[in-house]
Amino acid sequence: MATGSTDDIESALEEFGDDLPAGVDEAAIDRMRTVARVLDEGLKLPGTDFRFGLDPIVGILPGAGDTATAFVSLYIVAESARMGVSQSTLLRMLANIAVDTVGGSVPVLGVVFDAFWKSNVWNVKLALEDLADSGEEASGPETVVID
């Protein structure tokens with residue numbers, strides 16, 4: 001998945017919201033959504049439905065821009081780890097950030113890449129999906145008693 005949108009996060013919340021563990025930190029999820037929105041979709045290209053965030057704008061600065069946005073992106077991974085997201089999902093999230101950082105560091109084309117590769121939106125969705133899956137496992141299968 002190369003692109004995503006905050007609408008994708010909202011639909012993931014609707015899809016997985018009932019399956020999230022009872023103790024999930026909703027404020028942390030809101031903060032993660034805010035970071036994803038600011039970096040990936042905070043601005044709209046006038047006359048189109050295309051959205052982009054600060055990631056491609058800051059990425060104009062050679063090397064430093066992509067490094068800075070990568071560090072901010074790590075916030076989503078850190079919150080996810082704190083909430084108990086599995087190691088395999090955390091590794092996928094880190095891989096998304098690595099692809100974003102490496103792809104975004106390519107001169108000129110990297111800015112365009114950053115505008116389309118929305119790793120932060122994708123990572124929030126991965127975290128929500130993983131938390132929902134762990135919430136289902138915590139409740140366990142229903143036990144049927146046959147007399």
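Only this structure's heavy atoms are used, side chains among them; waters, hydrogens and symmetry mates stay out.
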S.K.: Minimum heavy-atom separation for K44 and F52, please, with both atom names.
M.R.: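 Heavy atoms only, the tightest pair is C-CE2, 4.4 Å.
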
S.K.: Roughly how far apart are W117 CH2 and N96 CG, rounded to 0.5 Å?
M.R.: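 W117 CH2 to N96 CG: 5.5 Å, rounded to 0.5 Å.
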
S.K.: Is L109 reachable from I57 through a run of hydrophobic residues whose side-chain heavy atoms are each under 4.5 Å from the next?
M.R.: no

S.K.: Specify the closest pair of heavy atoms between V85 and D130, including all atoms of both residues, with the distance to one decimal.
M.R.: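 The pair with the smallest heavy-atom distance is CA-OD2, 3.3 Å.
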
S.K.: What pair of heavy atoms forms the shortest contact from V121 to A36, and how long is it?
M.R.: N-CB, 3.9 Å

S.K.: Taking side chain as C-beta onward, heavy atoms only, is S80 less than 4.5 Å from T89?
M.R.: no

S.K.: Would you compute the distance between atom OG1 of T69 and atom CD1 of I97 and round it to the nearest 0.5 angstrom?
M.R.: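 Those atoms lie 9.5 Å apart.
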
S.K.: Please give me the minimum heavy-atom distance between D100 and D114, naming the atom from each residue.
M.R.: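 Smallest interatomic distance, heavy atoms only, reads OD1-OD1, 2.7 Å.
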
S.K.: Is it true that L94 and L39 fall in one hydrophobic cluster, defined by side-chain heavy atoms closer than 4.5 Å?
M.R.: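 Yes; tracing contacts between hydrophobic side chains, which count when under 4.5 Å, links both residues.
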
S.K.: Report whether F71 and L61 are members of the same hydrophobic cluster (ILVMFWY, side-chain heavy atoms less than 4.5 Å apart, transitive linking).
M.R.: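 They do not share one cluster, since no chain of ILVMFWY contacts under 4.5 Å joins F71 to L61.
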
S.K.: Rounded to the nearest 0.5 Å, what separates atom CD in E79 from atom CD1 in I29?
M.R.: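 That separation rounds to 9.5 Å.
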
S.K.: Ignoring hydrogens and geometry beyond distance, is a side-chain donor-acceptor pair present between D66 and T101 at under 3.5 Å?
M.R.: no

S.K.: Quick check: is V102 connected to W122 through a chain of hydrophobic side chains (ILVMFWY, heavy atoms under 4.5 Å apart)?
M.R.: no

S.K.: Would you check if the side chain of N123 reaches a backbone N or O of M93 as a donor-acceptor pair within less than 3.5 Å?
M.R.: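 Such a contact is found between N123 side chain and M93 backbone.
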
S.K.: Identify whether the distance between the nearest side-chain nitrogen and carboxylate oxygen of R51 and D40 falls below 4.0 Å.
M.R.: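 Looking at R51 and D40, the cut-off is not met.
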
S.K.: Test side-chain contact (heavy atoms from CB on, under 4.5 Å) on R82 and D25 and set out the steps.
M.R.: CA-CA 10 Å; R82 188 182 63 77; D25 187 351; 2.7 Å; yes

S.K.: Give the cluster check for M83 versus L128: same hydrophobic cluster or not, with ILVMFWY residues linked at side-chain heavy-atom distances below 4.5 Å.
M.R.: yes

S.K.: Mind listing the closest non-hydrogen atom pair of L131 and S134 along with its distance?
M.R.: O-OG, 2.8 Å

S.K.: Taking atom CZ of F50 as the centre, does the number of heavy atoms from other residues, nucleotides or ligands within less than 6.0 Å exceed 12?
M.R.: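 Yes, enclosed.
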
